[in-house]
Amino acid sequence: MATDSSNGNGHHQTTTTKTPPSPSPLRFSKFFQSNMRILVTGGAGFIGSHLVDRLMENEKNEVIVADNYFTGSKDNLKKWIGHPRFELIRHDVTEPLLIEVDQIYHLACPASPIFYKYNPVKTIKTNVIGTLNMLGLAKRVGARILLTSTSEVYGDPLVHPQPESYWGNVNPIGVRSCYDEGKRVAETLMFDYHRQHGIEIRIARIFNTYGPRMNIDDGRVVSNFIAQALRGESLTVQSPGTQTRSFCYVSDLVDGLIRLMEGPNTGPINLGNPGEFTMIELAETVKELINPDVEIKMVENTPDDPKQRKPDITKAKELLGWEPKVKLRDGLPLMEENFRLRLGVDKKK
Ligand SMILES: NC(=O)c1ccc[n+]([C@@H]2O[C@H](COP(=O)([O-])OP(=O)(O)OC[C@H]3O[C@@H](n4cnc5c(N)ncnc54)[C@H](O)[C@@H]3O)[C@@H](O)[C@H]2O)c1
Ligand SMILES: O=C(O)[C@H]1O[C@H](OP(=O)(O)OP(=O)(O)OC[C@H]2O[C@@H](n3ccc(=O)[nH]c3=O)[C@H](O)[C@@H]2O)[C@H](O)[C@@H](O)[C@@H]1O
């Protein structure tokens, strides 16, 4: 349906609202009780593998993971490999994927700054071409698609805390741009496919999430501090240490992603824990909880590091009935346990 409207300046704006492409005919078949087929791109990674665990709990779900194993690993999915409702494909999302699915959780993208800066051109291709390919798939098969965007779309925010209506303060030519501008383009593509082709879209803006299965040498702050504390090394606070982040435990985040996918709202919706900490406070907390003997040392920071970040989650509360339950002090010990096992460091009796 095309509608013509005139704005206040006498210029005409044409907006097109298309009906969504129809899903597989089997979905409505009387005789074929098909399962919900769900694709998780990036499902071998940290958040993706926790999402797969939750989706697999529902016996009506079939889960397909597509991952190129750049930062993810089969190990994160080992309990599902061989399961009749699970399939794992080595696939790079910068190439088209032809499969039949009903929902797509599109997570594929390196997330830790050291990994996304390692090959910035590949990172931007993953965000732009990868998202285009997944939108093309959603269009062909009539699937609903959810993008895991990021609080980095707000850049170094001048509004605090950040509501979804804030357009951000992003450097378009900096070393982080492959990731934050990449995700901004991915959001644009999602909305253009929605308006132009009627695709059912969902966008989550995720704020710093932590938990078991993060890569030990991932470079992100929580995994760095926990691994350092367990190895008896100094905790490396990047200067000035007064910069803030808000940390969400992964089970809370996965709950928010599923609510967003299942509900009627496109988003973007912030998903994060509003508890805000400076990096010095985080280091002190890790030291106190995990190893009081380690030192905290100040090291050089990287360019364009956002000075403050805290989600305004009013929309998530109202529209999804969601808010995080796990406090930082409760989540850190759960992650410690997992890191101890993987590093082979026993707890002192
Ligand atoms: N963890 C966070 O704090 C956070 C915050 C905001 C947004 N996000 C977003 O959530 C998603 C998952 O993040 P994560 O923390 O689990 O990171 P992660 O690095 O553990 O997972 C990313 C996964 O994507 C895969 N991947 C990367 N490039 C790919 C490509 N071209 N084709 C196929 N697979 C590819 C990796 O191998 C990995 O398994 C990302 O989109 C990230 O931008 C995460
Ligand atoms: O939540 C988000 O939206 C984004 O957050 C993170 O990006 P960032 O906040 O820079 O994450 P970290 O690398 O964990 O850094 C957080 C803060 O800790 C500091 N830091 C990092 C590592 C370290 O050893 N010490 C340290 O003080 C950094 O300077 C920064 O201020 C993620 O890595 C992105 O994938 C994600 O999209």
Side-chain angles (χ1 to χ4, degrees), residues 40-51 65-74 76-77 89-95 97 105-117 119 122-123 125-127 129-131 133-134 146-156 162 176 179-180 182-183 186 204-211 213-215 218-228 233-248 250 253-254 257 270-272 277-280 282-283 296-309 311:
V40 182
T41 75
F46 158 55
I47 296 177
S49 63
H50 285 278
L51 174 65
V65 165
D67 200 297
N68 71 352
Y69 308 127
F70 175 47
T71 52
S73 135
K74 283 186 197 169
N76 288 335
L77 296 167
I89 310 172
R90 180 189 290 268
H91 177 81
D92 196 303
V93 292
T94 58
E95 301 291 337
L97 180 62
Y105 285 89
H106 178 39
L107 280 71
C109 178
S112 167
I114 53 171
F115 287 103
Y116 69 63
K117 290 177 195 169
N119 185 344
K122 180 65 199 268
T123 301
K125 278 188 179 171
T126 296
N127 277 315
I129 302 171
T131 303
N133 283 332
M134 291 309 111
L146 180 150
L147 170 76
T148 51
S149 184
T150 162
S151 63
E152 298 231 357
V153 299
Y154 302 121
D156 190 4
Q162 294 80 51
R176 296 176 87 98
Y179 184 74
D180 48 31
K183 290 281 187 182
R205 288 188 180 151
I206 303 175
F207 285 64
N208 299 61
T209 298
Y210 70 100
R213 295 193 200 141
M214 283 183 95
N215 282 323
D218 184 270
R220 286 184 272 190
V221 70
V222 183
S223 43
N224 271 9
F225 285 178
I226 292 188
Q228 287 162 344
E233 296 166 4
S234 305
L235 309 188
T236 53
V237 173
Q238 296 177 350
S239 65
T242 48
Q243 69 272 32
T244 64
R245 293 294 188 274
S246 307
F247 299 102
C248 186
V250 66
L253 194 267
V254 164
L257 289 178
N270 289 339
L271 292 179
F277 300 85
T278 67
M279 293 312 106
I280 294 171
L282 176 68
I296 296 176
K297 74 171 177 194
M298 204 58 82
V299 299
E300 208 183 319
N301 205 337
T302 53
D304 292 343
D305 183 44
K307 289 186 248 339
Q308 51 181 359
R309 212 150 66 197

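As the structure is a computational prediction, the values presented were derived from the model and not from experiment. Counting starts at 1 for both ligands and their atoms, in listed order.
In terms of protein heavy-atom proximity, atom 21 (O) of ligand 1 is closest to G45 CA, 3.6 Å. Remark: minimum distance from atom 1 (N) of ligand 1 to any protein heavy atom is reached at R220 NH1, 2.9 Å. In terms of protein heavy-atom proximity, atom 43 (O) of ligand 1 is nearest to Y179 OH, 2.5 Å. Among all non-hydrogen protein atoms, the one lying nearest atom 6 (C) of ligand 1 is I206 O, 3.1 Å.
Residues L282 and F247 are in side-chain contact: their nearest non-hydrogen atoms beyond the backbone lie under 4.5 Å apart. Side-chain contact between P110 and Y179 is absent, with no heavy atoms from C-beta onward closer than 4.5 Å.
Note: an N/O pair closer than 3.5 Å links T150 and ligand 2 by distance alone. At least one N or O atom of N301, backbone or side chain, sits closer than 3.5 Å to an N or O atom of ligand 2. Considering backbone and side-chain atoms together, T126 places an N or O closer than 3.5 Å to an N or O of ligand 1. Taking distance alone, with nitrogen or oxygen atoms compared against 3.5 Å, I47 approaches ligand 1 more closely than that limit. Annotation: T209 places an N or O atom under 3.5 Å from an N or O atom of ligand 1; distance criterion only. The shortest N/O to N/O separation between S151 and ligand 1 does not fall below 3.5 Å. Considering backbone and side-chain N/O of G72, one or more are found under 3.5 Å from N/O of ligand 1. Ligand 1 has an N or O atom lying under 3.5 Å from an N or O atom of D67, backbone or side chain. Checking only distances, A108 never comes within under 3.5 Å of ligand 1, N or O to N or O. Of the polar atoms of D305, at least one N or O is found under 3.5 Å from an N or O of ligand 2, judged by distance alone. Of the polar atoms of K183, at least one N or O is found under 3.5 Å from an N or O of ligand 1, judged by distance alone. Between F207 and ligand 1, a contact under 3.5 Å exists for no N or O pair.
If you check each of T123, L97, T71 against atom 38 (C) of ligand 1, the one with the closest non-hydrogen atom is T71. Closest to atom 31 (N) of ligand 1 by heavy atom, among V153, T94, D92, L147, is D92. The closest non-hydrogen atom to atom 11 (C) of ligand 1, taken over L107, N133, N119, comes from L107.
Of the heavy atoms in I206, only backbone atoms (N, CA, C, O) come closer than 4.0 Å to ligand 2. Residue contacts with ligand 2 for R176 involve side-chain atoms from C-beta outward but no N, CA, C or O (heavy atoms, distance under 4.0 Å). Counting heavy atoms closer than 4.0 Å to ligand 2, residue M279 contributes side-chain atoms (C-beta onward) but none from N, CA, C or O.
Counting atoms of ligand 2 from 1 in the listed order, those under 4.0 Å from a heavy atom of N224 are 22 (C), 23 (C), 24 (O). Residue S149 approaches ligand 1 through these ligand atoms, each under 4.0 Å from one of its heavy atoms: 6 (C), 7 (C). Contact atoms of ligand 2 toward A111: 32 (C), 33 (O), 34 (C), 35 (O) (distance under 4.0 Å to a heavy atom of the residue). Within the listing of ligand 1, atoms 23 (C), 24 (O), 25 (C), 39 (O) sit less than 4.0 angstrom from a heavy atom of G42. Those atoms of ligand 1 with a heavy atom of N208 less than 4.0 angstrom away are 3 (O). Near Y69, the atoms of ligand 1 lying under 4.0 angstrom from a non-hydrogen atom of the residue are 37 (O).
Distances shorter than 4.0 angstrom do not occur between any heavy atom of G272 and any atom of ligand 2. Not a single heavy atom of Y116 lies less than 4.0 angstrom from ligand 2. Between R309 and ligand 2 there is a heavy-atom distance shorter than 4.0 Å.
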